[in-house]
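Single-structure report; data block below.
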Amino acid sequence: MDRRVVITGIGGLCGLGTNAASIWKQMREGRSAIGPMVTSELHDLKGTVGTEIKELPEHDIDRKQLVSMDRFSLLAVLAAREAMQHAGLSCDDGNPYRFGATVGVCGWGWGTVEETYRSLLLEGAKRAGIFSAPRGLPSAAASQVSMSLGLRGPVFGIASACASGNHAIASAVDQIRLGRADVMLAGGSEAPLVWVMLKAWEAMRALAPDTCRPFSADRKGVVLGEGAGMAVLESYEHAAARGATMLAEIVGIGLSGDAFHVVAPSIEGPEAAMRACLADAGLNAEDVDYLNAHGTGTKANDQAETAAIKRVFTDYAYSMSVSSTKSMHAHCLGAASALEMIACVMAIQEGVVPPTANYREPDPDCDLDVTPNVPRERKVRVALSNAFAMGGMNAVLAFRQV
């Protein structure tokens, strides 16, 4: 069985806003949320920048469920609830065993791990919190989404570092294409703004001291952020039968591994994933109007991604619009490509390419049209989303106007 898969609802929250509409408004206006972090307990880390969610939206999640949730699970649940509401759908409308969820994360419950470490080793507590283990599991977000919404179909977590969001969406598409589900909640979530995580990234000398400037010659590295993005995926037949508004169709998936290096980027791996995505979608290079780049803001990654794009799209690479929205919401790790899914869907819906913010100086090695600083009106029929992870795990999705 090979069924068409459409997106009928989106939800999200990050430093740009606490719902998908506010995130997109800031994206399309090119407003960066990156700045000094003030709400996290960062101990001896000084002058650290990132994108924090300053205040969560109001919700009615029961306190008994809240105590069993790390922050990354809570963000996923809030985004999933919004997506289901946007889709005008609930499990009560059908068989809950045909509704599932896949949620990607880069790691686990960072806040729970750090809280447990500090209480046991630094403060002398005799035992860990009763929910420390289930709160910290990488699969916890998927479980909590399932419990919150009553989803009893395929439910599982995905952990493939910075490509986790796209891998989760790809896996959800497969469940529908193979007939295992009619509806899937899919996306990613991450809450990495804790001391141990930031110290680890600091040790790699990958963090920018000021802001994220993808593809700009003066870029200085990655900026981390927290957030979640979720989409309601349905089979075309299921969505059409209930008269749902179809925001976009997921027409292509391309996956590859670099088999190269644990942190250094490859050109061949991303190239293979983009080619596989176009082939799966039955698209030519010239069919793509917008490419949401992985665009982390490091020297090596941006150069390698540019080179890979040129190999795949050849001369047409200079004609399509490219941008990195990490310049605005920062690198939210497992949630990054899920937030970038929102950018692709809304670019298709509104015919606006969100810009690469904070861009200052052209780099001859990154010489594509990266939509610097100012959004561009352009009819977007097909958008690609790149996600490339440490360890060489690559996932590319193609979205098309329905």
Could you tell me whether the side chain of [Y] reaches within less than 4.5 Å of the side chain of [X], counting heavy atoms only?
X	Y	answer
Gln175	Phe156	yes
Ser139	Val103	no
His59	Val77	no
Pro355	Arg376	no
Val370	Ser323	no
Met320	Leu384	no
Glu305	Pro265	no
Thr48	Trp201	no

[X] (side chain) donor-acceptor with [Y] (main chain) under 3.5 angstrom:
X	Y	value
Thr18	Pro57	no
Ser216	Arg360	yes
Lys299	Ala217	yes
Glu190	Ala336	no
Arg98	Gly179	yes
Glu286	Tyr316	no
Ser321	Tyr290	no
Thr102	Ala168	yes
Asp287	Asn284	yes
Ser148	Val145	no

Test log, rule side-chain hydrogen bond (donor to acceptor under 3.5 Å, both in side chains), inputs Glu340 and Ser385: CA-CA 7 Å; Glu340 290 152 4; Ser385 175; 4.5 Å; no
Ignoring hydrogens, what is the shortest heavy-atom contact between [X] and [Y]? Give both atom names and the distance.
X	Y	result
Arg400	Leu283	NH1-CD2, 4.3 Å
Leu13	Leu339	O-CD2, 4.3 Å
Ser189	Val105	O-CG1, 3.3 Å
Ala330	Ile34	CB-CG1, 4.2 Å
Ser256	Ala273	OG-CB, 3.5 Å
Tyr97	Arg152	CD2-O, 3.5 Å

Polar side chain donor-acceptor pair, Asn358 to Ser327, under 3.5 angstrom: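 Judged by distance alone, the side chains do not pair up.
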Does [X] [atom1] have over 12 foreign heavy atoms under 6.0 Å away?
X	atom1	result
Gln85	CD	no
Lys54	NZ	yes
Tyr236	OH	no
Ile130	CD1	no
Lys310	NZ	yes
Arg242	CZ	yes

Stepwise side chain to side chain contact (heavy atoms under 4.5 Å, CB included) check, His331 with Cys212: CA-CA 9 Å; His331 197 343; Cys212 181; over 6 Å; no
First locate atom [atom1] of [X], then atom [atom2] of [Y], and finally report the distance between them rounded to the nearest 0.5 Å.
X	Y	atom1	atom2	result
Leu66	Gln144	CG	CD	9.0 Å
Leu89	Asp92	CG	CG	10.0 Å
Ile253	Leu397	CD1	CG	6.0 Å
Glu82	Ile10	CD	CD1	7.5 Å
Ile250	Leu233	CD1	CG	4.0 Å
Met37	Leu224	CE	CG	7.5 Å

Residue that, paired with Phe399, satisfies side chain to side chain contact (heavy atoms under 4.5 Å, CB included) out of Val251, Leu247, Ile7: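 Output: one option passes, namely Ile7.
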Working for side chain to side chain contact (heavy atoms under 4.5 Å, CB included), residues Val49 and Leu207: CA-CA 9 Å; Val49 296; Leu207 295 178; over 6 Å; no
Derivation and outcome, side-chain hydrogen bond (donor to acceptor under 3.5 Å, both in side chains), residues Ser235 and Asp182: CA-CA 6 Å; Ser235 71; Asp182 298 316; 4.6 Å; no
Geometric class of the His294/Phe388 ring pair [parallel <30°, tilted 30-60°, perpendicular >60°]: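 Geometry flag for His294 against Phe388: tilted rings.
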Trace of the side-chain hydrogen bond (donor to acceptor under 3.5 Å, both in side chains) decision for Thr371 with Tyr359: CA-CA 9 Å; Thr371 322; Tyr359 186 92; over 6 Å; no
Stepwise salt bridge (Lys or Arg N to Asp or Glu O under 4.0 Å) test for Asp60 and Arg81: CA-CA 11 Å; Asp60 61 354; Arg81 285 180 160 200; 2.7 Å; yes
Chi angles and distances behind the side chain to side chain contact (heavy atoms under 4.5 Å, CB included) call for His86, Val232: CA-CA 9 Å; His86 186 207; Val232 174; over 6 Å; no
Test log, rule side chain to side chain contact (heavy atoms under 4.5 Å, CB included), inputs Phe313 and Leu291: CA-CA 11 Å; Phe313 292 92; Leu291 190 150; 3.9 Å; yes
Working for side-chain hydrogen bond (donor to acceptor under 3.5 Å, both in side chains), residues Trp24 and Gln349: CA-CA 11 Å; Trp24 171 244; Gln349 282 288 298; over 6 Å; no
